[in-house]
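Each remark here refers to the structure printed beneath this line.
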Amino acid sequence: MTQLALELPCRTSHDGVDFLIATPNRAAVAFIDRWPDWPGHALALVGPAGSGKTHLAAIWRERSGAMRLEADALGGAPAAVGRGNAAILVEDVDAALSGGTLSEADLLHLYNWLREQGGWLLLNGRSAPAQWPVRLPDLRSR
């Protein structure tokens with residue numbers, strides 16, 4: 001007897017109802033749920049590959065109306081976003097900084113611009129921000 005392998009379609013869902021809350025991610029979910037009452041205007045969501053960062057970010061984007069920007073496109077971010085959208089998601093920040101596709105100056109400008117607008121910034125990556133390869137003192141202090 002052999003088992004038949006069926007090629008069934010698999011639907012990837014980033015809906016909130018499809019996110020499994022467990023002990024390792026409970027604090028991250030609580031912070032996403034707390035928006036817009038974050039203690040500051042920016043949040044870094046970190047964890048290993050497959051830990052649910054992109055899924056949680058998608059949930060936040062849906063709730064906040066945030067725009068997702070590619071790390072290498074931040075140079076014109078304030079102009080591209082305009083005054084109407086004050087919530088932005090940038091994913092894989094640590095990889096983009098390490099790979100040179102994300103300018104530290106552009107990230108700092110985006111951070112400051114959103115703070116001035118009263119907006120929110122969600123950054124995610126695999127490592128904690130203290131481990132990101134940041135040389136600009138003004139960005140490192142934030």
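For reference, positions follow the sequence shown, starting with 1.
- Using a 4.5 Å cut-off on side-chain heavy atoms (C-beta onward), Arg115 and Asn112 make contact.
- Counting only distance, with no hydrogens or angles, the side chain of Asn124 and the backbone of Asp92 share a donor-acceptor pair below 3.5 Å.
- Atoms CG and CG, from Leu107 and Leu123 in turn, are 6.0 Å apart once rounded to the nearest 0.5 Å.
- Residues Ile88 and Ala66 share a closest heavy-atom pair of N-CB, 4.1 Å.
- Trp38 and Trp120 make their closest contact through CE3-CD1, 3.9 Å (heavy atoms, listed as atom of the first residue, atom of the second, distance).
- Atom CZ of Arg142 has more than 12 neighbouring heavy atoms from other residues, nucleotides or ligands inside a 6.0 Å radius.
- Between Gln117 and His41 there is no side-chain heavy-atom pair separated by less than 4.5 Å.
- For the residue pair Ala28 and Leu56, the shortest heavy atom distance occurs at CB-CD1, 3.8 Å.
- Among all heavy-atom pairs drawn from Ala130 and Arg140, the shortest one is O-NH1, 3.7 Å.
- With values rounded to the nearest 0.5 angstrom, Gln131 atom CD is found 10.5 Å from Ser98 atom OG.
- Considering OG of Ser103 and NE2 of His109, their distance stands at 7.5 Å, rounded to 0.5 Å.
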Review point. Checking side chain to side chain contact (heavy atoms under 4.5 Å, CB included) for the pair Val90/Tyr111: CA distance, chi angles, key distance, verdict?
Key: CA-CA 11 Å; Val90 184; Tyr111 178 95; over 6 Å; no
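- Across Leu69, Leu122, Leu45, a single residue satisfies side chain to side chain contact (heavy atoms under 4.5 Å, CB included) together with Leu89, and that is Leu122.
- Judged purely by atom type and a 3.5 angstrom limit, Glu104 has no side-chain atom pairing as donor or acceptor with the backbone of Leu97.
- The side-chain heavy atoms of Thr54 and Glu91, taken from C-beta on, include a pair separated by under 4.5 Å.
- At least one side-chain heavy atom of Val93 sits under 4.5 Å from a side-chain heavy atom of Leu102.
- Scanning all heavy atoms of the two residues, the minimum distance from Ala44 to Trp132 falls at CB-CH2, 4.4 Å.
- Across all non-hydrogen atoms, the minimal contact from Asp33 to Arg63 is OD1-NH1, 2.5 Å.
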